[in-house]
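Report on the structure given below.
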Amino acid sequence: MLSRRVGHFVESVIRDMTRLSLKHGAINLAQGFPDFPAPEEIKQAGAAAIMDDHNQYSITWGAKELRDELSRKALEYNKIESDPDNEITITCGSTEAMMASMLSIINEGDEVVVFEPFYENYGPDAAVSGAVPRFVPLDDELNIDEDALVSAFNKKTKALILNTPNNPAGKVFTNDEMKLITDMCVEHDVIAVTDEIYEYILYNGKKHISIGSLDEMRDRTITISGFSKTYSVTGWRIGYAIAEKNLTSGVRKVHDFLTVGAPAPLQHACVRALQMPDSYYSDLARMYGRKRKLLYKALAGAGFKCRMPDGAYYIMADIPDGTGMDDMEFAKYLVSKVGVASVPGRSFYNSGAGMRKLRFTFSKKDETLLEAASRLENLNV
Ligand code: GLN
């Protein structure tokens, strides 16, 4: 009875692991959300917006105050100029922004270039919109393999998904890589759809670059981000897409009929979020930098081989030698016997490479990470 479309993907493994984690009373290092409170000012602003009667639909493409503030933020931080009236759409999380973007630009059979490892959602985004994904593996050092990128483009290529900082590997794309991607997009008349949800979570002095800020990409990029990760409000579901007017008109049409609009009071609270001082963002990156080291030490101590990410809040770890288990088996063993939930690597790979890996998040209180560390010490493989 179901459509072929939904036959092409499975339910989210990340959220499935959260359910398994609850069942086993495990520490959830699977799904990337904070277990600590959102900033007080932002919570207050959310409560106040409800009491101030912002409880009916906002304009379908988003409250004007929020689009105005976002346009300012995008210019200051992302170096992207935008007309808030015609080039910004507020969505239900960046997840909706990505799906609405794909639905508004893809024709059945169009190809979409996706770097591997990739965030789980892009497969279903492609399946639902009718796109054929072309995976381009990053090399062992997480650099772009230029030959692989060049050979992924052809007459059918319509879009490229660029997630920087990347989930799950924490790769931050460099200026030179942006230029290479730009050359390919311009040559083949391709649209970049970005996912910049971790744009403020950077380490090792890395800088965030939005490909939409490059002149040649201005009119061929849909820049997507949201409030979930930067302000620790993943349950609010407020994201956005910034794109040139014609692209925006497509995104807005799909968004309107999918959701009518994002939660109105929370959009008002997000205006407040965008007024946080610069120190808020440096403190956020510093806090995650500390948590990154805590988790790295715990994983390395338990025999996992892993690399420190340059951004986002995940560590991809190689399963220790000699377990005789693949990623799915080992993730199930960890959650049920050790009491730590992770995500099997296969969720992030089209190739078999993920079957030797697990993803752990460090978006948790220090005490949660320390408890996970002590449980992992008992790992006996
Ligand atoms: N982006 C987060 C992760 O990768 C949360 C995923 C989700 O459940 N939407 O874990």
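By convention here, the first residue in the shown sequence is residue 1.
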How long is the gap from CD on E65 to NE2 on H268, to the nearest 0.5 Å?
5.0 Å
Over 12 foreign heavy atoms within 6.0 Å of NZ, K253
no
How far does NZ of K357 sit from CD1 of I315, to the nearest 0.5 angstrom?
13.0 Å
Give me the atom names and distance for the closest heavy-atom approach of I319 to F330.
CG2-CD2, 3.8 Å
For a 4.5 angstrom cut-off between non-hydrogen side-chain atoms, does V132 reach K156?
no
Any chance you could lay out the side-chain contact (heavy atoms from CB on, under 4.5 Å) test for N78 and S213, step after step, and finish with the verdict?
CA-CA 7 Å; N78 306 90; S213 68; 5.9 Å; no
For Y119 and Y314, does a side-chain donor sit closer than 3.5 Å to a side-chain acceptor?
no
R134 side chain reached by N154 side chain, heavy atoms, under 4.5 Å
yes
Closest contact, heavy atoms only, P84 versus I88:
CA-CD1, 4.1 Å
Looking at side-chain heavy atoms only, is the closest gap between K171 and E177 below 4.5 Å?
yes
CG/L358 to CG/L29 distance, rounded to the nearest 0.5 angstrom?
11.0 Å
Side-chain donor-acceptor pair present, E196, S225, cut-off under 3.5 Å
no
Which is it for L376 and L334 under the side-chain contact (heavy atoms from CB on, under 4.5 Å) test, yes or no, and what are the steps along the way?
CA-CA 9 Å; L376 286 168; L334 271 189; 4.1 Å; yes
Using modelled atom types only, decide if a donor and an acceptor are shared between the side chain of S101 and the backbone of A97 within a distance under 3.5 Å.
yes
Which atom of I222 lies closest to which atom of A241, heavy atoms considered
CG2-CB, 3.9 Å
Please determine whether the number of non-hydrogen atoms from other residues, nucleotides or ligands lying under 6.0 Å from atom CZ of F36 exceeds 12.
yes
Restricting to non-hydrogen atoms, name the atom on P165 and the atom on L202 that form the minimum distance, rounded to 0.1 Å.
CG-CD2, 3.6 Å
Is it the case that atom CD in E81 sees more than 12 heavy atoms from other parts of the structure closer than 6.0 Å?
no
If you apply the rule side-chain hydrogen bond (donor to acceptor under 3.5 Å, both in side chains), what do you find for S71 with S82, and how did you get there?
CA-CA 6 Å; S71 182; S82 59; 3.1 Å; yes
Mutual orientation of the aromatic rings belonging to Y77 and H208 [parallel < 30°, tilted 30-60°, perpendicular > 60°]:
parallel
Determine whether a donor-acceptor pair (N or O, by modelled atom type, separation under 3.5 Å) exists between the side chain of D147 and the backbone of S151.
no
Roughly how far, to the nearest 0.5 Å, is the CG atom of N121 from the CG atom of D195?
8.5 Å
How far apart are the C-alpha atoms of F304 and F360, what are their side-chain angles, what is the distance that settles it, and do they pass the ring-ring contact (aromatic ring centres under 6.0 Å, His included) test?
CA-CA 11 Å; F304 288 94; F360 295 84; 5.4 Å; yes
Establish, yes or no, whether the cationic atom of R292 lies under 6.0 Å from the six-membered ring centre of Y203 and within 45° of the ring axis.
yes
Looking at side-chain heavy atoms only, is the closest gap between V112 and I161 below 4.5 Å?
yes
Sidechain-backbone polar pair: S351 side chain, A353 backbone, donor-acceptor under 3.5 Å:
yes
Working to the nearest 0.5 Å, report the span between OG1 of T368 and CG of L370.
8.5 Å
Could you report the tightest heavy-atom contact between M355 and R346, atom names first, then the distance?
CE-NH2, 3.9 Å
Taking T221 for the side chain and R218 for the main chain, is one N or O donor matched with an acceptor at less than 3.5 Å?
no
Separation of T174 OG1 from L180 CG (nearest 0.5 Å):
9.0 Å
Would D366 and R290 pass as an ion pair if we require N to O under 4.0 Å?
yes
Show your working on salt bridge (Lys or Arg N to Asp or Glu O under 4.0 Å) between E69 and R72 and close with a plain yes or no.
CA-CA 5 Å; E69 261 314 274; R72 177 196 58 75; 2.8 Å; yes
Is Q275 atom CD crowded by more than 12 heavy atoms from other residues, nucleotides or ligands, each under 6.0 Å away?
yes
Working for side-chain contact (heavy atoms from CB on, under 4.5 Å), residues I181 and I144
CA-CA 10 Å; I181 294 168; I144 294 181; 4.0 Å; yes
side-chain contact (heavy atoms from CB on, under 4.5 Å) evaluation trace for L274 with L70:
CA-CA 7 Å; L274 290 172; L70 266 176; 3.9 Å; yes
L299 side chain near L295 side chain, heavy-atom distance below 4.5 Å:
yes
Quick check: does any side chain N or O of E329 sit under 3.5 Å from a backbone N or O of M325, one acting as donor and the other as acceptor?
no
Would you find a donor on one side and an acceptor on the other, under 3.5 Å apart, between the side chain of S58 and the backbone of A264?
no
More than 12 foreign heavy atoms under 6.0 Å from CD of Q56: is that the case here?
no
Can R375 and E371 be counted as an ion pair, charged N to O under 4.0 angstrom?
yes
Partner of E199 under salt bridge (charged side-chain N to carboxylate O under 4.0 Å, His left out), picked from K79, K229, K73, is K73
Given the rule that I, L, V, M, F, W and Y join up when any side-chain heavy atoms are under 4.5 Å apart, are I197 and M276 in one cluster?
yes
Would a distance-only check, ignoring hydrogens and angles, find a side-chain to backbone donor-acceptor pair under 3.5 Å from R220 to V190?
yes
Taking E120 for its side chain and I14 for its backbone only, find out whether a donor-acceptor pair lies under 3.5 Å.
yes
Give the minimum heavy-atom separation between F362 and K291, together with the two atoms involved.
O-CD, 3.4 Å
Go through the side-chain N and O atoms of T157 and E111 and say whether any donor and acceptor fall under 3.5 Å apart.
no
Quick check on the hydrophobic clustering: are M184 and Y122 connected, directly or via other members, by side-chain heavy-atom contacts under 4.5 Å?
no
Output yes when a side-chain donor or acceptor of Q267 lies under 3.5 Å from a complementary backbone atom of I238, and no otherwise.
no
Aromatic plane relationship, Y231 with Y280 - under 30° parallel, 30 to 60° tilted, over 60° perpendicular:
parallel
Would you mind checking if K245 and E87 are paired as a salt bridge, meaning a charged N to carboxylate O distance below 4.0 Å?
no
Considering only NZ, NE, NH1 and NH2 on the basic side and carboxylate oxygens on the acidic side, decide whether K364 and D35 come within less than 4.0 Å.
no
Side chains of S363 and T361: any donor to acceptor distance under 3.5 Å?
yes
Between N28 and A30, is there a donor-acceptor pair closer than 3.5 Å when you use the side chain of the first and the backbone of the second?
yes
Can you find a heavy atom in the side chain of W236 that is under 4.5 Å from one in the side chain of T234?
no
Step by step, work out the salt bridge (Lys or Arg N to Asp or Glu O under 4.0 Å) result for D318 and R356.
CA-CA 6 Å; D318 287 343; R356 299 185 302 277; over 6 Å; no
Stepwise, does the ring-ring contact (aromatic ring centres under 6.0 Å, His included) test hold for Y313 with Y288?
CA-CA 7 Å; Y313 51 44; Y288 278 125; 5.0 Å; yes
